[in-house]
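Read the structure below first, then the notes.
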Amino acid sequence: AWEEGRAFGGHDDFYADSRALTDEVRIDLTAQISDKWKARWGMDYKYHRLNFFEIIRPWLGQAAFRQTFSEYWQDTGPDGLLPIDSGYVNPDIGENNGKWDKGEKYSDSNQNGRWDNYREPEEFSAYMQNTFEVPWMVINYGIRVDMVNYNTQIWADTTGKYTPGTPWYYSDLNDNDKWDRNEEVSVLAGLPRQKVILKNAAWFYKVSPRIGFSHVITDKSTFTFNYGLYYQTPRYTDIYLNTNRMEDPEELFEEGEGLVGNATMNAERTQSYSAGFNVQVGQNWSYSLMAWVKNMDQLTKNTYQRSGVYSYNISENGDYGSSKGIDLTLKFRGRAFGSQLQYTYSIAKNNSEYPWANVSGQYVDAPSQESLQFYDRPHDITFWFYTGLPFGIKAAVTAFYQSGGPYTPLIFAGKDPQIDAKNPNSKRGPAYRNANLNFSKYVKIMDHKISLGLSVYNLIDIRNEIDVYPLTGKAGDPGAYYTEDVGLADSEHYLSSAYYDRPWRFSQPREINFNVRFDFD
């Protein structure tokens, strides 16, 4: 199916159009080999057509920055000639019109014999899973392979090794569009009849095992363990960004906004471990205790590179992170009422909040380290309770508590504040609290059932602080450094008293909804 998106606006007033067409073939087979052994096999093949077009600063006309997933072509016009070849001065029709015209030379990156204005990555995956079950234990084990071919070309050196961050130039003296051993090679631009060495992308693959089991300890308790290795293909934007200009690296570096995709990127990896106990106490109570660890690596990052006088950032695998925690669940279920309390203690760290966070305009050969992430919430408590009331009314209460998110504070350097870069996410915002109340009742009229409901969200009307100012850690107070500019207009005051009145920094107030549902027989 087509997926389409458009965007307008931003600091450079840009236009973007993206489209994705995917064909998929999937096969799953299940077989009961014996009374104890069940097996599953499957495969999945996906073929994508990805089209992306973006214009930044469109008022510059032909000089505007254009990004596209199309294959590279020489915008010469239908005659396919450059002024240096023919000696003419006036361009022919179609020259520099920003679109491919028949007769213009192009790079057949996906090797299908025609010019395409899209990229065609392929994905293939296959798995085998087994379930072995006996009265005292259940075991699940299997293996999965994930493969991807980006169907494009990548910079390479004279040995055929991929060099995605460094173009190798050669003098194409015999004009055969390939490097020969007698032709001069350099990593710096400026060679006569200069071209760049390219190599077709190959299939990349990852193998991931999975295993889990549940073992009976007593008639009312079990022990469970799970391990899995999981892979996720990087965003295709990080693969194909500006790669349509790889045949002309100088144009890419000058007009590519300093970003280059990388078609040698592997999948991002997560290793997951979990183990715990499930115990029943009496007829109505049960509890579970589960510990888990997730180690993430080969995450997408942007790395600063240089080629001659040009500097740029290239996507690659390199970031890493981890998360770990303990889940405790306590349940009670009776005829008159039931309840559940769930508590999670966790910690989440990463060496970078997002791929481009560590791009500083210079290369630093130094070790990185993990720090708390903006999504880290060490304490998470959920509680719900339901019961029946007179006249057939059912009532339920849910409550939620969560630690506030960390943020990097502002500190004063002289008279002005600046980000405390040495202590990222060293402060934590206020906690989030919420409670909801729900009533429901079924009424039967003429063989039809009507459901009446009343829901009260944010029952206690708590205005949680969602987005805090890094100077004060409060959502409603940016700090005296900023509020001193508020007042009646004069030489020192130029902001109105409503300037920092920003209710979207707080959660929504209490909300009451009434609903009716009709069920017809």
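Side chains included, hydrogens not; waters and symmetry mates left out as well; all remaining heavy atoms used.
- Of the charged side-chain nitrogens involved, at least one lies within less than 4.0 Å of a carboxylate oxygen, so that Arg235 and Asp238 count as a salt-bridged pair.
- Listed by chain and residue number, Phe69 satisfy the ring pair (Phe, Tyr, Trp, His ring centres under 6.0 Å) test with Phe52 (two or more places apart in sequence, or in another chain).
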Applying side chain to side chain donor-acceptor pair (under 3.5 Å) to Asp146 and Tyr205, what does each step give before you reach the verdict? CA-CA 6 Å; Asp146 292 277; Tyr205 70 92; over 6 Å; no

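- Distance CD/Gln418 to CG/Asp420: 8.0 Å, rounded to 0.5 Å.
- With sequence neighbours left out, the salt bridge (charged side-chain N to carboxylate O under 4.0 Å, His left out) criterion links Arg114 to Asp116.
- The aromatic ring centroids of Tyr118 and His48 lie 6.0 Å or more from each other.
- When the salt bridge (charged side-chain N to carboxylate O under 4.0 Å, His left out) test is applied to Asp101, no partner is found at least two apart in sequence or on another chain.
- The ring pair (Phe, Tyr, Trp, His ring centres under 6.0 Å) check on Phe400 picks up nothing, with sequence neighbours excluded.
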Report task. Evaluate the side chain to side chain contact (heavy atoms under 4.5 Å, CB included) criterion for residues Asn149 and Met147: first the C-alpha distance (whole Å), next the side-chain angles of each, then the deciding distance (0.1 Å), finally the verdict. Result -> CA-CA 7 Å; Asn149 190 332; Met147 305 174 63; over 6 Å; no

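- Under the salt bridge (charged side-chain N to carboxylate O under 4.0 Å, His left out) criterion, Asp44 pairs with no residue at all, not counting sequence neighbours.
- The pair Arg193-Asp172 does not count as a salt bridge, with every side-chain nitrogen at least 4.0 angstrom from each carboxylate oxygen.
- Taking Thr344 as the reference, Asp327 meet the side chain to side chain donor-acceptor pair (under 3.5 Å) condition, with sequence neighbours excluded.
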#### Entry: Derivation and outcome, ring-ring contact (aromatic ring centres under 6.0 Å, His included), residues Tyr227 and Tyr273
CA-CA 5 Å; Tyr227 167 78; Tyr273 307 82; 4.9 Å; yes

